Protein chains: 2
Amino acid sequence: MGRQMTEMLKGTLEGIVLALLTGKPAYGYEITTLLRGQGFTEIAEGTVYALLVRIEQKGLVDVEKRPSEKGPPRKVYSLNKQGEKELDEFWNTWSFLSERLEHLRKEGK
Amino acid sequence: MGRQMTEMLKGTLEGIVLALLTGKPAYGYEITTLLRGQGFTEIAEGTVYALLVRIEQKGLVDVEKRPSEKGPPRKVYSLNKQGEKELDEFWNTWSFLSERLEHLRKEGK
DNA sequence: TCCACTACTTAGCGCTACTATGTACTAGTA
DNA sequence: TACTAGTACATAGTAGCGCTAAGTAGTGGA
């Protein structure tokens, strides 16, 4: 992963995962796969699991353990009310930053 | 500063400062003021100076010391070739992330 | 004398992504 | 049987960056 991308993901990766979770619960391995499919090819597995532990401890998701046919049991995460609120705030923060940056990019040319 | 914004600024603040520096050299105090004017009202002074030390050590900027009528001498930073290259890469990284996020935002609604 | 503004510096902290490694279960295959 | 690959989760240690807090230094005005 590039140095820049690594730093830029700080703060945004959590929002990305919360966004992935809206409406459709998912488990860690699945989320990692989803992220890779979205172009985040170099996200480390460990990063995702650590993030999931974090958002669970913050109370942003509900967790349910379900057996898998193909390996150890899955931990399925679903966004709860507090998670939705956090996601809302994330989009607000993102919008602000995004607007400032687009403004800067135009100015600079 | 909000927790989310603090984390999101990691990686982007450097790009923002490099962008501010394109074409028009500036010194630390001035950059802090510029940022506040752009809406980043809560950026800590120390954060900016530490960032400037970093980009200088990375060789992204040239520095010139100039006397001030109103206080200690100013350290004026100007973007050099390497800084321009870094800024280019920053915009690439930003574009990727920005596109992924806008895509996610639309999908979610 | 005191305060406000200008201008820069730095030690220590918290948070987050990464690296690396490990455990555990299933199914296919040599 | 033993090995491999794929599925699935966990975690200790590291590095980078923004923040807090506190400091130094110079000018000018109340």
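These numbers come from a predicted model, not from an experiment. Quick note on labels: first sequence line is chain A, next is B, and so on, each numbered from 1.
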side-chain N/O [X] vs [N] OP1/OP2, d < 4.0 Å:
X: Arg54(A); N: dT16(C); result: yes
X: Tyr49(A); N: dT11(D); result: no
X: Arg74(A); N: dT7(D); result: no
X: Arg3(B); N: dG18(D); result: no

task = Classify every nucleotide of nucleotides 23-30 of chain C by which part a protein heavy atom approaches to under 4.0 Å, writing B for the base, S for the sugar-phosphate alone and - for neither, in 5'-to-3' order.
result = -BBS----
Atom-pair distance ([atom1] on [X]; [atom2] on [N]), nearest Å:
X: Lys65(B); N: dA7(C); atom1: NZ; atom2: P; result: 14 Å
X: Glu7(B); N: dC13(C); atom1: CD; atom2: P; result: 18 Å
X: Leu13(B); N: dC19(D); atom1: CG; atom2: P; result: 7 Å
X: Lys58(B); N: dC17(D); atom1: NZ; atom2: C1'; result: 10 Å
X: Tyr27(A); N: dG6(D); atom1: OH; atom2: P; result: 15 Å
X: Glu30(A); N: dC9(D); atom1: CD; atom2: C1'; result: 14 Å
X: Glu56(B); N: dC17(D); atom1: CD; atom2: C1'; result: 18 Å
X: Glu42(A); N: dT19(C); atom1: CD; atom2: C1'; result: 13 Å

inquiry  = Between Gly46(B) and Gly46(A), which residue's closest nucleotide on DNA chain D lies nearer the 5′ terminus?
reply    =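 Result: Gly46(A).
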ask   = Where do Asn80(A) and Leu60(A) come nearest, in terms of heavy atoms and distance?
value =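 Taking every non-hydrogen atom into account, OD1-O, 2.9 Å.
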Options dC17(D), dG18(D), dT11(D), nucleotide nearest the side-chain atoms of Ala50(A) = dT11(D)
query = Looking at dT9(C), dC5(C), dC18(C), which one has an atom nearest to any side-chain atom of Tyr29(B)?
reply =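 The listed nucleotide nearest to Tyr29(B)'s side chain is dC5(C).
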message = For a quick check under 3.5 Å, do Thr12(B) and Arg100(A) share a side-chain donor-acceptor pair by atom type?
response =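 Checked: Thr12(B)/Arg100(A) side chains show no N/O donor-acceptor pair below 3.5 Å.
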task = Check the side chains of Glu86(B) and Gln4(A) for a donor-acceptor pair under 3.5 angstrom, ignoring hydrogens and angles.
result = yes
message = List the residues meeting ring pair (Phe, Tyr, Trp, His ring centres under 6.0 Å) with Phe40(A), not counting sequence neighbours, and say none if there are none.
response =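 In terms of ring pair (Phe, Tyr, Trp, His ring centres under 6.0 Å), with neighbours along the sequence ignored, Phe40(A) is linked to Phe96(B).
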ask   = Is it true that Arg74(B) and Glu30(B) make a salt bridge, defined as a side-chain N closer than 4.0 Å to a carboxylate O?
value =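 So Arg74(B) does not pair with Glu30(B) through a salt bridge.
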inquiry  = For Lys58(B), is the NZ atom crowded, meaning more than 12 foreign heavy atoms sit under 6.0 Å from it?
reply    =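 Count over threshold, so yes.
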request  = Starting at CD1 of Ile16(A), measure out to CD1 of Ile43(A) and round the result to the nearest 0.5 Å.
outcome  =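 Interatomic distance, Ile16(A) CD1 to Ile43(A) CD1, rounded to 0.5 Å: 7.0 Å.
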query = Checking only heavy atoms, does the side chain of Lys10(A) share a donor-acceptor pair with the base of dC15(C) at less than 3.5 Å?
reply =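 Per atom types, no contact qualifies.
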request  = Please tell me which of Met5(A) and Glu45(A) maps to the more 5' nucleotide of DNA chain C, matching each residue to the nucleotide holding its nearest heavy atom.
outcome  = Met5(A)
request  = Classify the nucleic acid contact of Leu52(B) as base, sugar-phosphate or nothing, counting any heavy atom under 4.0 Å across all strands shown.
outcome  =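 No contact.
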ask   = How would you label the contact of Thr47(A) with the nucleic acid (heavy atoms, under 4.0 Å): base, sugar-phosphate, or nothing?
value = base
ask   = Can you tell which of Glu102(A), His103(A), Glu107(A) makes a side-chain hydrogen bond (donor to acceptor under 3.5 Å, both in side chains) with Arg105(A)?
value =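 Among Glu102(A), His103(A), Glu107(A), the one that satisfies the side-chain hydrogen bond (donor to acceptor under 3.5 Å, both in side chains) with Arg105(A) is Glu102(A).
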